[in-house]
Amino acid sequence: MRTVLFVGAGRHQRRAILRAKELGLRVAAVDRNPDAPGLAEADIAKVVDFSDVAAVLKATARVKIDGVLTVSADRAVPVVAAVAEARGLPGIGTATAHLMTHKVAMRRRLAEAGVPQPRFAAVRTLSETRRAVDEVGFPAVLKPADSGGQRGVFRVESLDDVDRHLHEALVASPTGEAILEEYVHGTEMNGIVIARDGEGILLTLSDRMRPPGIGFGVGWIHVYPPTISPEQLSVSERVAVHTVHALGLRTGIAFPQLIAAPDGRVIVVECAARIPGGQMADLVRWAVGVDLVEVQLRMALGDELPDELVRPQFAQPLAIRFFTASPGPLPTGVVRRIGPLDKLLAFPGVVQADVYLQLGETIRPVRLDGDRRGYVIAVGDTNLEALQRAEAAATLLDVEVE
């Protein structure tokens, strides 16, 4: 029996671990949290800080590993690449992993390749902010160069805003670096591209809708197919694949994020080398019939990737609505009761739903990805019908707070 190592064992990893076991694989998993849900499902569980490559290698030195992977955790991508290189396993390589997890390095490589993107500048100290602002202008987005989950991300309108939030952005970066980027208005989209031996296969592009206010970076609604014009969609498809090629990903799953601007431009926000969180694997499965977890497992093991596994099988319009507090449907406060999902699952078009709330926890207005406390997925004859169904179903979740 072949063994795969999961770097990280959180909620998204747990589902992938269960899928790996369904496919007949033995699973080893590492996570610094002893209560990580995926560790309980793994055949071999090691409590270790997975951001420490040496510690992961030491903890798994006596385990025969045939493949290594991660799901959703961006900071685990360089670790997976390093472990794969150290153990002689298939992987994307540490150089590519760096390009696809460090936003400054990514921006510079994309600029060299002529990929359209916003103006940007690296920032490490307060003394560099004026230079960065002169290069980028306002409005802008300030964020860590190498973090995730919308931690340390701010929309800024002035030099004072940049100075006020720079420390928090730098603290969220393991390398102590931030990036200031031009804020581009338009329709933001998530893309999923499979790279197979240098070939880029676009699976989906979907609208990534965001709430107003401080949580502006959190994707709280996904809609497939996207709502942009056919002409701009065609451009977006080419840009998504070009981005993956430019960053050197030959075999892997890529997660490019784009913005289709009202003036016809399509620019790249960023691009990750992993299965994304936020139910994007579910979106791909329901929308086009591709199992991203099985694809990633095969990649990690160096197995064949036949067309029937990596190409869209159909096209089903759908929408995903996340459960969030203000301005979403959840109330704010301490959770006292959580109703069942029966009413949601019985709603027309709903195919999947889940809730992550626990009694006694506090629901706060949405600011980070972690403030999404569940979701509902609905399908329809059109993307707009699917969205209407998902929005209506989301209001049926019964949560009482103090």
Side-chain angles (χ1 to χ4, degrees), residues 72-75 100-108 110-111 117-190 207-222 255-261 267-272 276-278 322 324-328 332 362-373:
S72 302
D74 206 51
R75 63 193 180 95
M100 300 190 77
T101 53
H102 194 281
K103 295 175 179 63
V104 176
M106 180 187 303
R107 286 270 176 245
R108 290 169 177 162
L110 294 178
Q117 54 182 338
R119 297 186 300 275
F120 70 95
V123 186
R124 283 187 177 273
T125 64
L126 275 173
S127 62
E128 295 177 342
T129 56
R130 186 169 295 279
R131 170 196 54 80
V133 166
D134 288 342
E135 293 179 22
V136 175
F138 292 114
V141 177
L142 176 68
K143 56 188 176 183
D146 47 353
S147 186
Q150 306 306 316
R151 290 181 292 275
V153 178
F154 302 94
R155 176 172 168 165
V156 289
E157 306 282 350
S158 67
L159 182 60
D160 286 344
D161 282 350
V162 177
D163 291 346
R164 184 180 306 116
H165 296 301
L166 180 61
H167 176 72
E168 190 171 344
L170 292 173
V171 167
S173 164
T175 57
E177 188 170 8
I179 185 169
L180 187 70
E181 299 178 344
E182 172 195 8
Y183 181 87
V184 179
H185 293 275
T187 301
E188 186 169 346
M189 294 176 289
N190 285 342
D207 284 359
R208 180 181 185 269
M209 299 181 179
R210 298 172 285 120
I214 195 167
F216 78 97
V218 177
W220 69 341
I221 298 174
H222 299 320
F255 176 43
Q257 293 179 284
L258 315 176
I259 291 180
I267 65 102
V268 176
V269 178
E270 57 188 58
C271 184
F322 290 94
T324 68
S326 177
T332 55
T362 301
I363 301 176
R364 297 180 175 85
V366 59
R367 178 182 176 185
L368 306 174
D369 283 354
D371 295 324
R372 299 181 298 198
R373 309 306 295 143

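Given the structure is predicted, the values throughout are model-derived calculations rather than measurements. Heads up: numbering here begins at 1 and tracks the sequence.
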**Request:** Taking all non-hydrogen atoms of both residues into account, name the closest pair between E177 and A122 and its distance.
**Result:** OE2-CB, 3.5 Å
**Complete:** Smallest heavy-atom separation, A145 atom then V104 atom, equals CB-CG2, 4.0 Å
**Request:** Using the ring of Y183 (Phe, Tyr or Trp, six-membered ring only), decide whether R155 places NZ or CZ under 6.0 Å from its centre and within 45 degrees of its axis.
**Result:** yes
**Message:** For the OG1 atom of T125 and the NE2 atom of H167, what is their distance to the nearest 0.5 Å?
**Reply:** 14.0 Å
**Request:** First locate atom CZ of F322, then atom NE2 of H222, and finally report the distance between them rounded to the nearest 0.5 Å.
**Result:** 4.0 Å
**Message:** Measuring only between side-chain heavy atoms, which start at C-beta, is F255 closer than 4.5 Å to E270?
**Reply:** no
**Message:** Within the 3.5 Å criterion, strictly below it, is a donor on T175 or D146 matched to an acceptor on the partner's side chain?
**Reply:** yes
**Request:** Please name the pair of heavy atoms, one in P327 and one in V366, separated by the smallest distance, quoted to 0.1 Å.
**Result:** CD-CG1, 3.8 Å
**Message:** A side-chain contact here means heavy atoms from C-beta on lying under 4.5 Å apart; do V218 and R372 qualify?
**Reply:** yes
**Asked** Between atom CD1 of I259 and atom CD of Q117, what is the distance when rounded to the nearest 0.5 Å?
**Response** 12.0 Å
**Asked** When you check the gap from the basic side-chain N to the acidic O, do R131 and E135 get nearer than 4.0 Å?
**Response** yes
**Prompt:** Is it true that D161 and R164 have a side-chain N and a carboxylate O under 4.0 angstrom from each other?
**Reply:** yes
**Message:** Taking the side chain as everything from C-beta on, heavy atoms only, tell me whether V156 gets closer than 4.5 Å to V141.
**Reply:** no
**Request:** With the side chain counted from C-beta on, respond yes when M100 and C271 share a heavy-atom pair under 4.5 Å apart, and no when they do not.
**Result:** yes
**Prompt:** If you measure from CG on D74 to NZ on K103, what distance do you get to the nearest 0.5 Å?
**Reply:** 6.5 Å
**Asked** V268 and P118: which non-hydrogen atoms are nearest, and at how many Å?
**Response** O-CD, 3.3 Å
**Asked** What are the two closest heavy atoms between W220 and P212, and how far apart are they?
**Response** CZ2-CD, 4.5 Å
**Message:** Would you say that L180 contacts V133 through its side chain, given a criterion of any heavy-atom pair below 4.5 Å between the two side chains?
**Reply:** yes
**Message:** So R208 and M189, do their side chains get closer than 4.5 Å, heavy atoms only?
**Reply:** no
**Complete:** Distance col, row Q257:CD vs N190:CG, nearest 0.5 angstrom, shows 5.0 Å
**Complete:** Here the pair of heavy atoms bringing A261 nearest to V184 is CB-CG1, 4.2 Å
**Message:** I'd like to know if R107 pairs up with E181 as an ion pair, taking the criterion as any Lys NZ or Arg NE/NH1/NH2 lying under 4.0 Å from an Asp or Glu carboxylate oxygen.
**Reply:** yes
**Prompt:** Got a second to check how far F138's CZ is from L159's CG, nearest 0.5 Å?
**Reply:** 6.0 Å
**Prompt:** Under 3.5 Å, is there a donor-acceptor pair between the side chain of S147 and the main chain of S173?
**Reply:** no
**Message:** Just so I know, are the side chains of T332 and P365 near enough to count as touching, which here means a heavy-atom distance under 4.5 Å?
**Reply:** yes
**Beyond-backbone contact of L166 with L142, side-chain heavy atoms, under 4.5 angstrom** = yes
**Prompt:** Side chains of T129 and D163: is there a donor and an acceptor less than 3.5 Å apart?
**Reply:** yes
**Prompt:** In this structure, are over 12 heavy atoms from other groups packed under 6.0 Å from R364 atom CZ?
**Reply:** no
**Request:** Please lay out, stage by stage, how V269 and L258 fare under the test side chain to side chain contact (heavy atoms under 4.5 Å, CB included).
**Result:** CA-CA 5 Å; V269 178; L258 315 176; 5.9 Å; no
